[in-house]
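The structure under discussion appears below in the form of structure tokens.
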Amino acid sequence: MVRKRGMQRETTSLKTKHPYATAPMSTPPAVAFAGPGPAGIAIQAIEVCQTIQSIDNTVTLVANKATLVRVYLDQSRVAAATKVRGEMTFKTSAQGPATYVPAMNELVLDPADGSVIDDKRDAIAKSLNFRLPDAATAAGTLIIEVNRVMQTGGDDLPLSGPRSATVTFVAAAPLRIRCIGLRYRDAQGKTFSPNAVHFTYLRSFLERAYPVPSVIWSQIVVDASFAAPFNDDTVVEANMQIAAIRSSEVNSGVDPRTHYVALVDDGNGKNFMRGRAMGIPTTPQPDTVASAPCGVPNGFGGDDDPSYADWYGAHELGHTFGRYHPGFPPGQQDASDPAFPFQNGQLSNADRRFVGYDLGDANLGLPLQSMAGISHHDVMTYANNQWLCQHTFEGIRVRLIAEDEQFAPAVA
């Protein structure tokens, strides 16, 4: 079975005690340090991550969005493999109270490990990781400081290097989505409609990857105006039907900032409909609708989870926010975005400046992971292993703010 994607016409209370247990029954040997310079653990960098980030934290941090702090430590300063844990604090001003946050993981520092910081960024287990509580991600300035690094079950270790980072969270607009499943029949009278899993995976992907604090979501399944087998005009019919539904519902009171997207089941690969947006607006136009196929990927797009509706739907929705194609792979996709800054449709160029971050979804069993920028591709490509690059993340964020301001319902 071969699927092809069509060309686009397409505040937490202050803790007074550290959250660690008392001393263990047996104390591990003290850490021996090696090499030149003062003894201690050197902090190499502090990275504050959402969807995509650079080591110097240049990508906008969206307020009230799930956020991870990664602390990178120099493993060459220990004489033997050592397990460490850590604790950080955050506060909103230099004189303000600090809130303590323990690391999510235990980190092994091994002097035989030759990983440089770029290698560590590509592997989520090679840093001390801290999940910021919701209260820490409110709009405004946040001061993050590494408070302690300790040998697991042992003493605090001396620290050197940059112990703090100051970042700013910027208010952003929510993503309003009305997802409509289109139920159709084939020539034998068999009915097909999207399973619940496809709606769930699309919603989760948008919450995790898009530059938004939240997704305001609703969904419904209706009878389609078309039947299988499909042709190149099927997606046009789908979009026309969705546009008509949107017009009627907005006239009846639905928020005009809501984007509408259809899902059409692929009938186990027999009825694959190429996705398409009704247009690619150069100005804020939330009435631009889109339609996308859904089904079990079985490796399609490098995807092996239960649905490809997530990245495919996110691609078509991207067009409704004015995002064009990077032109990758060549010959399979038009290069309609001349401003796309990364080679081969990747999340980063060879300098490895940008790394993708998926903070996961426990309800779907999706783990926290980092995504190497040179082996993952932007969601607007037709390539495998898709996520949002900095260019797409910022573009959708800015367009969403413009739509939120321009199309806000009148206040009575």
Side-chain angles (χ1 to χ4, degrees), residues 1-6 8 10 51 175-184 191-210 212 215-224 226 228 230 234-235 237-239 241-242 245-246 258-278 288-321 323 358 360-361 363-366 376-388 392 396:
M1 174 180 67
V2 177
R3 300 181 176 98
K4 296 182 179 180
R5 300 178 67 180
Q8 177 59 33
E10 308 180 270
T51 298
L175 176 63
R176 299 168 176 87
I177 295 292
R178 176 76 158 156
C179 189
I180 301 178
L182 294 179
R183 182 193 304 114
Y184 65 90
T191 300
F192 300 88
S193 62
N195 294 327
V197 67
H198 303 306
F199 294 97
T200 301
Y201 268 77
L202 174 56
R203 179 178 183 175
S204 177
F205 188 96
L206 297 174
E207 290 173 338
R208 287 157 28 230
Y210 263 45
V212 295
V215 174
I216 301 172
W217 176 277
S218 64
Q219 65 188 60
I220 193 174
V221 176
V222 302
D223 288 329
F226 53 83
F230 300 157
T234 300
V235 69
E237 294 183 53
N239 280 336
Q241 183 176 0
I242 298 305
I245 293 172
R246 186 189 186 280
T258 305
H259 282 247
Y260 279 57
V261 61
L263 291 180
V264 178
D265 188 81
D266 69 6
N268 296 318
K270 299 176 181 178
N271 305 317
F272 183 75
M273 181 198 74
R274 291 181 175 181
R276 184 181 299 177
M278 185 170 275
T288 304
V289 303
S291 297
C294 63
V296 180
N298 295 318
F300 177 39
D303 190 358
D304 289 305
D305 62 29
S307 176
Y308 63 80
D310 45 10
W311 50 267
Y312 207 132
H315 173 105
E316 301 305 341
L317 278 169
H319 286 309
T320 72
F321 291 105
R323 310 318 302 165
D358 184 350
D361 185 332
N363 292 326
L364 297 179
L366 300 175
H376 289 76
H377 302 90
D378 185 66
V379 75
M380 299 312 299
T381 68
Y382 287 170
N384 290 350
N385 305 321
Q386 294 187 10
W387 197 241
L388 269 67
T392 298
I396 294 176

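All values below were derived from every heavy atom in this structure, side-chain atoms included, with hydrogens, water molecules and symmetry-related copies excluded. Just so it is clear, the model here is predicted, and its values are computed rather than measured.
- In this structure, Arg323 and Ile396 approach most closely via the heavy-atom pair CG-CG1, 3.8 Å.
- Of all heavy-atom pairs spanning Cys179 and Leu202, the tightest one is SG-CD2, 4.1 Å.
- Side-chain N or O atoms of Asn195 include none that pairs as donor or acceptor with a backbone N or O of Val197 at under 3.5 Å.
- Residues Ser218 and Arg178 have side chains that bring a donor and an acceptor to within less than 3.5 angstrom of each other.
- Inspection of the Asp303 and Trp311 side chains reveals an N or O donor paired with an N or O acceptor under 3.5 Å.
- With His377 contributing its side chain and Asn384 its backbone, the two residues share a donor-acceptor pair below 3.5 Å.
- In this structure, Tyr308 has its ring center at least 6.0 angstrom away from the ring center of His198.
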Test Phe205 against Tyr201 for ring pair (Phe, Tyr, Trp, His ring centres under 6.0 Å), laying out the working first. CA-CA 6 Å; Phe205 188 96; Tyr201 268 77; 9.8 Å; no
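- Residues Val221 and Phe199 approach most closely at CG2-CZ, 4.0 Å, considering heavy atoms.
- For the pair Leu175 and Ile216, the minimum side-chain heavy-atom distance is 4.5 Å or more.
- Smallest separation of non-hydrogen atoms from Ile242 and Ser291: CG1-OG, 4.4 Å.
- At least one side-chain heavy atom of Val379 sits less than 4.5 Å from a side-chain heavy atom of Thr392.
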Verify side chain to side chain contact (heavy atoms under 4.5 Å, CB included) between His319 and Thr288, making sure each step is shown before the conclusion. CA-CA 9 Å; His319 286 309; Thr288 304; over 6 Å; no
Could you give me the CA-CA distance, side-chain angles and deciding distance for Thr191 and Arg183, then say whether side chain to side chain contact (heavy atoms under 4.5 Å, CB included) is met? CA-CA 7 Å; Thr191 300; Arg183 182 193 304 114; 3.3 Å; yes
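- Using a 4.5 Å cut-off on side-chain heavy atoms (C-beta onward), Thr320 and Val289 make no contact.
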Taking it one step at a time, do Ile245 and Ile180 satisfy side chain to side chain contact (heavy atoms under 4.5 Å, CB included)? CA-CA 9 Å; Ile245 293 172; Ile180 301 178; 3.7 Å; yes
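- A donor-acceptor contact under 3.5 angstrom links the side chains of Asp361 and Ser204, judged on distance only.
- Looking only at atom types and distance, the side chain of Tyr184 has no donor-acceptor partner in the side chain of Asp265 under 3.5 Å away.
- Between the side chain of Thr51 and the backbone N or O of Ala209, at least one donor-acceptor pair lies under 3.5 Å.
- In this structure a side-chain-to-backbone donor-acceptor pair under 3.5 Å is missing from Arg246 to Gln241.
- Minimum interatomic distance between Asp304 and Asn298 (heavy atoms only, all atoms of both residues): OD1-C, 3.9 Å.
- The nearest pair of heavy atoms linking Tyr312 to Ala292 is CD2-CB, 4.1 Å.
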Is there a side chain to side chain contact (heavy atoms under 4.5 Å, CB included) between Asp305 and Leu364 once you walk through the steps? CA-CA 10 Å; Asp305 62 29; Leu364 297 179; over 6 Å; no
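- With rounding to the nearest 0.5 angstrom, the CD atom of Glu207 is 8.5 Å from the CH2 atom of Trp217.
- No side-chain heavy atom of Val235 sits under 4.5 Å from any side-chain heavy atom of Arg274.
- Looking only at distances, a side-chain donor or acceptor of Tyr210 sits under 3.5 Å from a matching main-chain atom of Ala314.
- Between atom CG of residue Asp378 and atom CG of residue Asn385 there is a gap of 13.0 Å, rounded to the nearest 0.5 Å.
- Note that NE2 of His259 is 6.5 Å distant from CD1 of Ile177, once rounded to the nearest 0.5 Å.
- Using a 4.5 Å cut-off on side-chain heavy atoms (C-beta onward), Asp266 and Val296 make no contact.
- Ring geometry for Phe226 versus Phe230: interplanar angle over 60°, hence perpendicular rather than tilted (30 to 60°).
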